[in-house]
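Written below as structure tokens is the structure these notes are about.
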Amino acid sequence: MNFIKHYLEAMDKIAMDDRLNPTHVSLYIALFTLWNLNRFENPISINRKEVMTISKIGSKHTYHKCLKELDEYGFFKYKPSHNPLKGSLIDMFIFGTSSEQAVNQSRGNFGTSSEQALHPSLNYNKHIKHKQPNENFKNYEEPL
């Protein structure tokens, strides 16, 4: 999986979709980040509170609405768990490749036994929350 290529393809798809607003984009980027932290393994198990924190979404209603719409619009497959002890599952789609069609055709294939072994990725973004703003650029000098 080429991170940059997939990210750019996803951003192209987002830019072309007039149904999306900044909240959809923020949610997708949060889920893409968690998928990256899981080494692009599908499905990923998510925790609502964690994803809301990363995406800066403050309303549960908005979060669930955007999650369902992104699923409906073909950005990923969402399978809610309805159980606070078991994370919901997200199967992220790969864009910009011939496998995009195959992945989109297999929407809904969550019938694996490994599904029950997945747990929410609690504290997965711990390093993100504690990172100082602009830490990566503290030694950067602007060109004259």
Notebook entry, point to check: Does some side-chain heavy atom of Phe32 sit less than 4.5 Å from a side-chain heavy atom of Phe76?
Noted result: no

Item checked: Shortest non-hydrogen contact from Ser81 toward Lys86 -> OG-O, 2.6 Å

Next item on the list: Would you name the heavy atoms of Ser88 and Pro80 that are closest together and state the gap between them?
Entry: OG-CA, 3.5 Å

Checklist line | Met11 reachable from Ile4 in the ILVMFWY side-chain graph, under 4.5 Å edges | finding: yes

Note to self: Using a 3.5 Å distance criterion without hydrogens, assess whether the side chain of Ser55 forms a donor-acceptor pair with backbone atoms of Ser26.
What the structure shows: no

Margin query: Do Ile94 and Lys5 make a side-chain contact, defined as non-hydrogen atoms from C-beta onward lying under 4.5 Å apart?
Written below: no

Next item on the list: Please tell me if the side chains of Glu50 and Leu34 come closer than 4.5 Å, counting only heavy atoms from C-beta onward.
Entry: yes

Checklist line | N/O donor-acceptor pair under 3.5 Å between Asn21 side chain and His24 backbone | finding: yes

Next item on the list: Apply salt bridge (charged side-chain N to carboxylate O under 4.0 Å, His left out) to Arg19 and list each qualifying residue two or more places apart in sequence or on a separate chain.
Entry: Asp17

Notebook entry, point to check: About how many Å separate CG of Asp91 and NZ of Lys77, when rounded to the nearest 0.5 Å?
Noted result: 9.5 Å

Margin query: Quick check: do Asn42 and Phe93 have side-chain heavy atoms less than 4.5 Å from each other?
Written below: no

Note to self: If I take atom CD from residue Glu9 and atom CD1 from residue Ile14, how far apart are they, to the nearest 0.5 angstrom?
What the structure shows: 12.0 Å

Check: Do you know which two heavy atoms are closest between Ala30 and Ile54, and how far apart they sit?
Finding: CB-CG2, 3.5 Å

Note to self: As an exercise, state the distance from CG of Asn47 to CE of Met52, rounded to the nearest 0.5 Å.
What the structure shows: 10.5 Å

Notebook entry, point to check: Among the clusters formed by ILVMFWY side chains lying less than 4.5 Å apart, do Tyr7 and Met16 turn up in the same one?
Noted result: no

Note to self: To the closest 0.5 Å, what do you measure between CG (Leu20) and CD (Glu69)?
What the structure shows: 8.5 Å

Next item on the list: Kindly write out the residues that satisfy ring-ring contact (aromatic ring centres under 6.0 Å, His included) with Tyr28, not counting sequence neighbours, or none if the list is empty.
Entry: Phe75

Notebook entry, point to check: Testing Leu31, Ile29, Thr23 for side chain to side chain contact (heavy atoms under 4.5 Å, CB included) with Leu27, which one passes?
Noted result: Leu31

Notebook entry, point to check: For the atom pair NZ (Lys60) and CD1 (Ile57), what is the distance rounded to the nearest 0.5 Å?
Noted result: 14.0 Å

Checklist line | Any side-chain heavy-atom pair of Leu37 and Ile44 under 4.5 Å | finding: no

Note to self: Once rounded to the nearest 0.5 Å, what's the spacing between atom NZ of Lys13 and atom CZ of Phe95?
What the structure shows: 5.0 Å

Margin query: Is any side-chain heavy atom of Ile90 closer than 4.5 Å to one of Tyr78?
Written below: yes

